[in-house]
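What follows is a set of notes on a single structure, which appears directly below.
Note that this is a predicted model, so its numbers are computed, not measured.
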Amino acid sequence: MILSCCSLSFKEEPIEDVVRKYAAIGFDAIEIMQRQIQNHSDDALKALREVADSAGIKVLVIAPYFILTRGQPHWDETMQIADATIKAAHILGATKVRTFTDVAHDGIGSDVATESHWEQAVTGLKQITAKDRSLAFVVETHPHTLADTVEASEKLISRVGAPNLKLNFQPTPPMLKFGLLKAFDRLQPHIAHMHLHQISSEGEPTYLDGTGAVDLPGFIAHIRQRGFDQSISVEYCWKNVPWDRMQPAHDLMRKWLA
């Protein structure tokens, strides 16, 4: 499996510095937030690719935010972001695009979505995935979206019917409620990427202790036994994460993946 790391927690830092630091820690790849490169020219993206290549780390995933269920202005902006992301992915050598139907804690979840919401999301994802079949568009199994449960994720994949629409699987509360191993087994045919994080008793993602809700070593052992051989991103989801958290996170994940 490819061990990656998401740049989300360091989105205020120059992405070139983040790439170099992740490479020095030992990650195989990086998942870059699209907002960190949205103002990069083609030449700047080519220079970033050279930074990554020189450091020995692959740019694997570009992570934009798409909103397909909240009206035409968001829809139009999403299509523009999709076009820019696809272009950047080719310049940077990325093969996967993190994908949403909606974002934020007030997004449209499957429990409140109308048929109109589903039609908007399905139509949008059909258009986005058709823009470039060489890229895998990995829909994040995230609360308050139309991929927030096992059943909703399956419904979305089925209704879109695109060969390059896959899942970015996460151990979210709905997946834990369903049964994490059972959720993975059911969705495995569609999973092309993962975000793995542990939630501590203080509510923060951590890889430094065993106080969280997810048995990460046990989960990784299970997916290995099931033959999962795609990519996993370490993900911290809050700002100002100390850089000294990253090396232990890498080392633990590397040990569990060995």
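Salt-bridge annotation for Asp53 and Arg49: present, with a side-chain N of the basic residue lying under 4.0 Å from a carboxylate O of the acidic one. With respect to the salt-bridge test (charged N to carboxylate O, under 4.0 angstrom), the residues Arg20 and Glu13 do not qualify.
In the hydrophobic clustering of ILVMFWY residues, with side-chain heavy atoms under 4.5 Å counting as a link, Leu3 and Val138 come out apart. With hydrophobic clusters built from ILVMFWY side chains whose heavy atoms lie under 4.5 angstrom apart, Val51 shares a cluster with Ile30. Cluster annotation: Phe137 is connected to Val59 through the hydrophobic network of ILVMFWY side chains, with a link wherever side-chain heavy atoms come within less than 4.5 Å. In terms of hydrophobic clustering, with Ile, Leu, Val, Met, Phe, Trp and Tyr side chains grouped at heavy-atom distances under 4.5 Å, Ile2 and Leu257 are assigned to different clusters.
To the nearest 0.5 Å, the span separating NZ on Lys46 from CG on Leu92 amounts to 11.5 Å. Note that CD1 of Ile62 is 12.5 Å distant from CD of Gln38, once rounded to the nearest 0.5 Å. With rounding to the nearest 0.5 angstrom, the CE atom of Met194 is 11.5 Å from the OG atom of Ser233. Here Lys166 contributes atom NZ and Asn168 contributes atom CG; the two are 13.5 Å apart, rounded to the nearest 0.5 Å. Rounding to the nearest 0.5 Å places CZ of Arg186 at 10.0 Å from OG of Ser153. Between the NE2 atom in His142 and the OG1 atom in Thr99 there is a gap of 13.5 Å [rounded to 0.5 Å].
Considering only heavy atoms from C-beta on, Asp148 stays 4.5 Å or farther from Thr172 through its side chain. Using a 4.5 Å heavy-atom cutoff, the side chains of Ser4 and Val61 are not in contact. Side-chain contact between Glu50 and Glu16: absent, with no pair of heavy atoms (C-beta onward) separated by less than 4.5 Å. Between Asp132 and His90 there is a side-chain heavy-atom pair separated by less than 4.5 Å. No side-chain heavy atom of Thr101 sits under 4.5 Å from any side-chain heavy atom of Ile108. Taking 4.5 Å as the limit, some side-chain heavy atom of His222 sits within range of a side-chain heavy atom of Asp185. Thr95 has its side chain within reach of Leu60: a pair of non-hydrogen atoms, C-beta onward, lies under 4.5 Å apart. Looking only at side-chain heavy atoms (C-beta outward), Met33 and Tyr65 come within less than 4.5 Å of each other.
Residue pairs satisfying the salt bridge (charged side-chain N to carboxylate O under 4.0 Å, His left out) criterion with at least one member in residues 95-108, sequence neighbours excluded, are listed as follows: Arg70-Asp102, Arg70-Asp106, Arg98-Glu140. For residues 28-38, every residue pair satisfying the salt bridge (charged side-chain N to carboxylate O under 4.0 Å, His left out) rule, not counting sequence neighbours, is listed here: Asp28-Arg254.
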| Can you check side-chain hydrogen bond (donor to acceptor under 3.5 Å, both in side chains) on Gln120 and Ser116, steps first, answer last? | CA-CA 6 Å; Gln120 292 167 34; Ser116 177; 3.0 Å; yes
| What do the steps show when you test His40 against Ile91 for side chain to side chain contact (heavy atoms under 4.5 Å, CB included), and what is the final call? | CA-CA 11 Å; His40 277 47; Ile91 294 173; over 6 Å; no
| task | Show your reasoning for whether side chain to side chain contact (heavy atoms under 4.5 Å, CB included) applies to Trp75 and Leu68. | result | CA-CA 5 Å; Trp75 174 286; Leu68 295 169; 4.0 Å; yes
| request: List the steps and the verdict of side chain to side chain contact (heavy atoms under 4.5 Å, CB included) for Val18 and Glu12. | output: CA-CA 10 Å; Val18 177; Glu12 306 303 326; over 6 Å; no
| message | Would Ile128 and Thr78 count as a side chain to side chain contact (heavy atoms under 4.5 Å, CB included) here? Give the steps. | response | CA-CA 9 Å; Ile128 289 171; Thr78 288; 3.9 Å; yes
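Of all the heavy atoms in Val214 and Pro171, the pair that sits closest is CG2-CB, 3.9 Å. Considering every non-hydrogen atom in both Thr129 and Ala162, the closest pair reads OG1-CB, 3.4 Å. Among all heavy-atom pairs drawn from Gln188 and Phe228, the shortest one is NE2-N, 3.9 Å. When all heavy atoms are compared, the tightest approach of Tyr22 to Cys6 is OH-O, 2.7 Å. Closest approach of Gly93 to Lys58, counting heavy atoms only: O-NZ, 2.8 Å. Annotation for Met175 and Gln170: closest pair CG-O, 3.4 Å, computed over non-hydrogen atoms.
Remark: Lys126 pairs with no residue by the salt bridge (Lys or Arg N to Asp or Glu O under 4.0 Å) rule, at least two apart or across chains. Partners of Asp43 by salt bridge (Lys or Arg N to Asp or Glu O under 4.0 Å), not counting sequence neighbours: none found. Residues passing the salt bridge (Lys or Arg N to Asp or Glu O under 4.0 Å) test with Asp251: none are found, sequence neighbours excluded. Applying the salt bridge (Lys or Arg N to Asp or Glu O under 4.0 Å) test to Arg224 and every residue at least two apart in sequence or in another chain returns nothing.
Aromatic ring centroids of Phe10 and Trp243 lie under 6.0 Å apart.
When atom types are taken as modelled, the side chain of His74 and the backbone of Ile67 share no donor-acceptor pair closer than 3.5 angstrom. A donor-acceptor pair under 3.5 Å is absent between the side-chain atoms of Ser158 and the main chain of Glu154, judged by distance alone. With Gln247 contributing its side chain and Ile25 its backbone, the two residues share a donor-acceptor pair below 3.5 Å.
Sparse packing is recorded around CD of Glu77, with 12 or fewer heavy atoms of other residues, nucleotides or ligands lying under 6.0 Å away.
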